[in-house]
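Down below is the structure, laid out as structure tokens.
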Amino acid sequence: MKSEMAQIQQNAVQNHTATMLEIGTSLLSQTAEQTRKLTDVETQVLNQTSRLEIQLLENSLSTYKLEKQLLQQTNEILKIHEKNSLLEHKILEMEGKHKEELDTLKEERENLQVLVTRQTYIIQELEKQLNRATTNNSVLQKQQLELMDTVHNLVNLCTKEVLLKGGKKEEEKPFRDCADVYQAGFNKSGIYTIYINNMPEPKKVFCNMDLNGGGWTVIQHREDGSLDFQRGWKEYKMGFGNPSGEYWLGNEFIFAITSQRQYTLRIELMDWEGNRAYSQYDRFHIGNEKQNYRLYLKGHTGTAGKQSSLILHGADFSTKDADNDNCMCKCALMLTGGWWFDACGPSNLNGMFYTAGQNHGKLNGIKWHYFKGPSYSLRSTTMMIRPLDF
């Protein structure tokens, strides 16, 4: 009986132990599963933590770079501020200097305005005096001409009286040109009366008694554009203008004068820069009207070009209503004025007058090709003749 009880207790203990072992095994299995899960979670956490640490490191590096760049930019800004301060200081200094200079310039301008006002008044007074002097000079020239005419009349009267009384006296010869006037003792430039052979009436001309020994009879003059040179054949034949200013003596008178004896031609030129030059021809005369006042020249010298701008081999005179040139284009109409054009040629001293600044590129201006080129219009010109043996 005791042994059975003991056996029963032993079995009961064994069963209990087995149960406990099963429970323990189950718990261990569960614990192991939980431990594995925790290990997986821990691994994930570690992986995530590693990634976060890497990102944090990267962010730290980026932040460091940004801080470094920020520091550099800050230094640059400080440098710019320093430069800006220096520039502001210099600007202030320059403004001060400029203000002083501006004040000085204003003062100088006011002084100049005062000076200009004074000079304007002086110029006006001088112009008045010049006008009075010009008027007086014109009056004196008129009186001189009247006196010369009176002297001629007296000489003629005296000559006639002597001849009537049977006396022998050589007849007083009238002035044929300005050379005769000069040789008679009148050596001041001005307007004189000459008596040209084969011309019914005397002619008033301007005599240049100062240039190159004097005795020059002026046959053409341009100086200010006050006279229109775009005229017809009849006007160029008989002449136009005033001998004291711009004028053309007249082809008929030029022909008559140059038929008296051998003449030299001198052409004076001046450009708009004040440069002067001349061309001179040892022989000069023109034909009659039937010959279209044909030009004859020989022996060129001067400073207005080594080559003559006038046609040496001869050219007929042309005007807008009388085309005698050797060009189909009618040079007098295209280039204006009356001239010895030939085939338009390298010169035209009777062309259009253009003022300073407007005188370039003008083919129809006052042209002398070998002095200033084919399209430069000159400021002033003078054509003068004098006997070859003067």
Side-chain angles (χ1 to χ4, degrees), residues 16-124 270-275 352-365 367 369 371-379:
H16 179 74
T17 301
T19 302
M20 292 299 292
L21 284 173
E22 288 177 1
I23 293 171
T25 301
S26 177
L27 287 174
L28 286 174
S29 298
Q30 291 178 1
T31 300
E33 182 65 22
Q34 291 293 329
T35 301
R36 187 183 60 78
K37 289 181 180 181
L38 287 174
T39 300
D40 291 340
V41 171
E42 183 180 4
T43 300
Q44 291 177 2
V45 170
L46 287 175
N47 291 335
Q48 186 68 25
T49 301
S50 297
R51 286 196 293 269
L52 290 174
E53 286 178 352
I54 291 170
Q55 290 180 357
L56 181 62
L57 181 60
E58 290 176 350
N59 290 335
S60 297
L61 291 174
S62 298
T63 303
Y64 174 74
K65 288 180 181 178
L66 289 173
E67 287 178 350
K68 187 176 180 180
Q69 290 177 357
L70 180 62
L71 182 61
Q72 290 176 347
Q73 293 296 323
T74 303
N75 291 332
E76 292 294 327
I77 291 171
L78 289 175
K79 290 179 181 179
I80 291 171
H81 278 304
E82 290 177 357
K83 289 181 179 179
N84 188 41
S85 298
L86 290 174
L87 289 174
E88 288 180 351
H89 182 68
K90 288 182 179 179
I91 288 171
L92 291 174
E93 289 181 352
M94 292 176 69
E95 286 179 349
K97 290 180 180 179
H98 287 166
K99 187 175 182 306
E100 293 178 359
E101 292 176 357
L102 184 61
D103 292 339
T104 304
L105 289 174
K106 286 181 179 178
E107 185 178 355
E108 290 179 356
R109 185 186 66 179
E110 292 173 356
N111 293 334
L112 285 173
Q113 287 177 342
V114 173
L115 182 60
V116 167
T117 303
R118 292 178 182 174
Q119 292 298 323
T120 302
Y121 174 75
I122 293 172
I123 289 171
Q124 291 174 350
M270 185 173 74
D271 64 18
W272 285 98
E273 290 70 43
N275 301 308
M352 294 289 291
F353 185 94
Y354 290 99
T355 56
Q358 305 296 321
N359 63 307
H360 293 277
K362 308 297 183 183
L363 295 176
N364 63 344
K367 178 175 67 173
H369 176 87
F371 174 44
K372 296 297 291 186
S375 60
Y376 183 103
S377 184
L378 298 169
R379 179 177 182 177

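Excluded from the calculations below are hydrogen atoms, water molecules and symmetry mates; all remaining heavy atoms, backbone and side chain alike, are included. The shown structure was predicted, so the numbers you read here are calculated from the model rather than taken from an experiment.
- At least one donor-acceptor pair closer than 3.5 Å links the side chain of N359 to the backbone N or O of G357.
- One distance of note links OG of S85 with NZ of K90; it measures 12.5 Å at 0.5 Å rounding.
- Side chains of K362 and S375 form no contact here, defined as non-hydrogen atoms less than 4.5 Å apart.
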* Under the side chain to side chain contact (heavy atoms under 4.5 Å, CB included) criterion, do L86 and E82 qualify, and how do the steps go? -> CA-CA 6 Å; L86 290 174; E82 290 177 357; 5.6 Å; no

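- E107 CD: 12 or fewer foreign heavy atoms inside a 6.0 Å radius.
- Heavy atoms only, all atoms of each residue included: W272 and Y376 are closest at N-OH, 2.9 Å.
- Between D271 and R379, none of the side-chain N atoms (NZ, or NE/NH1/NH2) sits under 4.0 Å from a carboxylate O, so this pair counts as no salt bridge.
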* Asked: Stepwise, does the side chain to side chain contact (heavy atoms under 4.5 Å, CB included) test hold for Q48 with Q44?
  -> CA-CA 6 Å; Q48 186 68 25; Q44 291 177 2; over 6 Å; no

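- Atom CG in L56 sits 14.5 Å away from atom CZ in R51 (nearest 0.5 Å).
- Put simply, CD on Q69 and CG on L71 are 11.0 Å apart, with the number rounded to the nearest 0.5 Å.
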* To do: Determine, step by step, whether L378 and F371 satisfy the side chain to side chain contact (heavy atoms under 4.5 Å, CB included) criterion, reporting the C-alpha distance in whole Å, the side-chain angles of both residues, the deciding distance to 0.1 Å, and the verdict.
  => CA-CA 10 Å; L378 298 169; F371 174 44; 3.8 Å; yes

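- With hydrogens and angles ignored, the 3.5 Å screen pairs no side-chain donor or acceptor of S26 with any backbone N or O of E22.
- To the nearest 0.5 Å, atoms CG (L28) and CD1 (I23) are separated by 12.0 Å.
- A distance of 11.0 Å separates CD in Q30 from OG1 in T35, rounded to the nearest 0.5 Å.
- In this structure the side chain of E273 reaches within 4.5 angstrom of the side chain of K372, judged on heavy atoms.
- With rounding to the nearest 0.5 angstrom, the CG atom of L70 is 16.0 Å from the NZ atom of K65.
- The nearest pair of heavy atoms linking Y354 to S377 is CD1-OG, 3.8 Å.
- A search for salt bridge (Lys or Arg N to Asp or Glu O under 4.0 Å) contacts involving E33 returns R36, not counting sequence neighbours.
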